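When a ligand or atom number is given, it counts from 1 through the structure's own listing order. Just so you know, these numbers come straight off a predicted model, no measurement behind them.
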Amino acid sequence: MFTAEMRESIKKVEATRKERMATEPRRMTAEEKDTLLKAYHPDYRADGFAEIKVGPNKGQKAPRELTELLHSNSRLLKDKVDLSKVDYETDVLVIGGGGAGSSAAIEANEAGADVMIVTKLRIGDANTMMAEGGIQAADKENDSPVQHYLDAFGGGHFAARPELLRRLVMEAPDAIKWLNELGVMFDKDEDGRMVTTHGGGTSRKRMHACKDYSGAEIMRNLRDEVLNRKIPVIEFTSAVELIKDDKGQVAGAVLLNMETGDYLVARAKTVVIATGGAGRLHYQNFPTSNHYGATADGLILGYRAGAPLLYQDTIQYHPTGVAYPSQLFGALVTEKVRSLGAMLVNKDGEAYAHPLETRDVSASAIIRECANGKGVDTPQGKGVWLDTPMIEIIGGEGTIEKRIPAMFRMYLNYGIDMRKDPILVYPTLHYQNGGLEIGGEGFTKAIDNLLVAGEAVGGIHGRNRLMGNSLLDIIVFGRNAGKAAAKKAKTVELGAMNLDHIDAYAKELEAAGLETGKVSPLLLPKYARHER
Ligand code: MEZ
C-alpha cells in the first residue's frame, strides 16, 4: 500500500521509536507558539481573507469564500414568495438537524412548546455525527470546571467570551449525565466509571468517549429522542431566509423544498439557528473533515437579517486529517490517536513537537515540517507520520482495536494496518471558531427572538477550540437555546411578516458596488450535482 519512498521513511520512524519513547516530549514556550502560528497557521495568510464591505461587520475580514457569500444577494430577490400563505405555524422553529438543533428541540418540547426542526438533509446529517474522540466535562475528583475554564480560555488565546465559556464548563457535568441517561454508551471501566483521556491542551483527563465514534453515538440517541417525542422533522428542506415582522423581531423563515424546488413559509415566535459549520467552503483549498452540508448557511441568514458575526476570521484546521491514502484524503484522524500515545514524526523520524499541543499549534507545526522539506510526498501533497504502533506498545496489544476500532477498520479497508505501520496525516479544515454573536441565554444581540446554538455561534471558544468542547457546546448551548426559546415564545405577539431586510441588504450591496449576481446561502457544496 505504501510507496517505496514512504517505506524508506517508515524505516527511519521505526529506527527512532525506542529513543523517542524514552524521552519526554518538550512543550513549546508561549513565544515559540506565537512565532510558529504567525509563520504557518492559515489564519495568518493574508491572501486567504477579504474585507467585508456590507453589514454589521463591515470593515472586518473573513475567509474569501465566506466573504463571497456575504456579498451575495438573497435568492428571494428574484423568486418572490407569498408570505400570506403560511405552510407551518409553530412556537419554536429550529433550523438544523444536528446535535445542537436536536438538543434544542428536545428541551423546547420538554418545556411544552410546539417545536419543529427543518433540515436540508436528514436529521443527523451533521458535523456532530463526524466527531470522533470525545466530549469534555470536569466531573472527576481531580478536576473542576475552573480547571476546565483555564485550559479552554488559554487554548482559545484568552478571547472566549467569559460568560459563554463559564456556562460551557459549569454545565458540562450535567450534559454528560443527561446524555448518559438518554442512553449514550460511554466507555466505562469494570466499576462503571467513565474512562477519560487527555486532549490537546487539557491539564486533566476529562475526555469522555464512545470509542472513536462519540459523535455518532451521541447523535443516534438525540435523533431517537426527537423521533420518540414525535417532534416534527421536515427533512430535505433548507431555510433560505429569515422572516421578520413589522416590529423588527424574527417571525419565521422561508424554506426551500430541496426535492421539488417549492418555497414554503414557516411562521414562528422564536427561531433557533443551529446550522453548523463551513468546512465545505474549503477555505484556502483545504480538504475537510466536515459533512456534506457544512456551508455556513446560518451565518448568512443571520447576517443578512442584521445579526453580527464574531471571530469569523478564525478557523480550526484539525492537525491530523488523512494525507494518504487518497481515497480518504481530508478525513478526520481523531486526536484520540495522540491521546493514546501516538507521536507526530517527520520524514526523518524526528518528533518535532509535543503530540498534544493545542490544535492550532500542532497544525502549524505539521505545515512547517512539510514546508521545510521534512514531509513525506503523497499524491495530494505532503504529510507527516503519526506513529500509531506506539499505542500498542504503551497500552498493550489490542488497544487500537478496543479504543479506536472505527479508525482501525477505516485504514484496514485500504490495506494499512495502523497497529504495525504509522499513518500519514496533514491538517484538514475542521471547525469554524467564529459565528453569530450571542449573549449568555443564546439570543442574538441584534434581532429579538432569534437564538443560535452549536458551531454557528462565535465566541464560546475564542480563537481556537480544544478537542471535545464542541460536542459539549452543542449539548449545553443547544439545550439552553431550546429552553429559552420555549419560554420566550409564550410572551411573543407576532405582527405582519415581511422580507424588507433582503431589499435593504441588496441596496447596501449595490451602494458598495457589489452586484455579483450570485446568491446565498449556498446550501450544498459548489461541486454538488444538481440533477433536477
Ligand atoms: O472536538 C473535536 O473536534 C473532536 C472530538 C475531534 C477528534 O479529534 O476526534
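The aromatic rings of H282 and Y527 lie tilted to each other, with the angle between the two planes from 30° to 60°. The aromatic rings of H318 and H430 sit perpendicular, their planes meeting at an angle over 60°, well past the 30° parallel limit.
Between D143 and K205, none of the side-chain N atoms (NZ, or NE/NH1/NH2) sits under 4.0 Å from a carboxylate O, so this pair counts as no salt bridge. In this structure, R463 does not pair ionically with D43, as no charged nitrogen and carboxylate oxygen lie closer than 4.0 Å. Ion pair R161/E437 flagged as a salt bridge, since at least one NZ, NE, NH1 or NH2 atom sits closer than 4.0 Å to an Asp/Glu carboxylate oxygen.
H291 pairs by the side-chain contact (heavy atoms from CB on, under 4.5 Å) definition with L121, D125, N127, M130, A294, not counting sequence neighbours.
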Pairs under 3.5 Å, nitrogen or oxygen of ligand 1 with protein nitrogen or oxygen:
| residue | atom | partner | partner atom | Å |
| --- | --- | --- | --- | --- |
| ligand 1 | 1 (O) | R465 | NH1 | 2.8 |
| ligand 1 | 1 (O) | G468 | N | 2.8 |
| ligand 1 | 3 (O) | R359 | NH1 | 2.8 |
| ligand 1 | 3 (O) | R359 | NH2 | 3.3 |
| ligand 1 | 3 (O) | H430 | NE2 | 2.7 |
| ligand 1 | 3 (O) | R465 | NH2 | 2.9 |
| ligand 1 | 8 (O) | H318 | NE2 | 2.8 |
| ligand 1 | 8 (O) | T334 | OG1 | 3.4 |
| ligand 1 | 8 (O) | E335 | N | 2.8 |
| ligand 1 | 8 (O) | R359 | NH2 | 3.2 |
| ligand 1 | 9 (O) | G133 | N | 2.6 |
| ligand 1 | 9 (O) | T334 | OG1 | 2.6 |

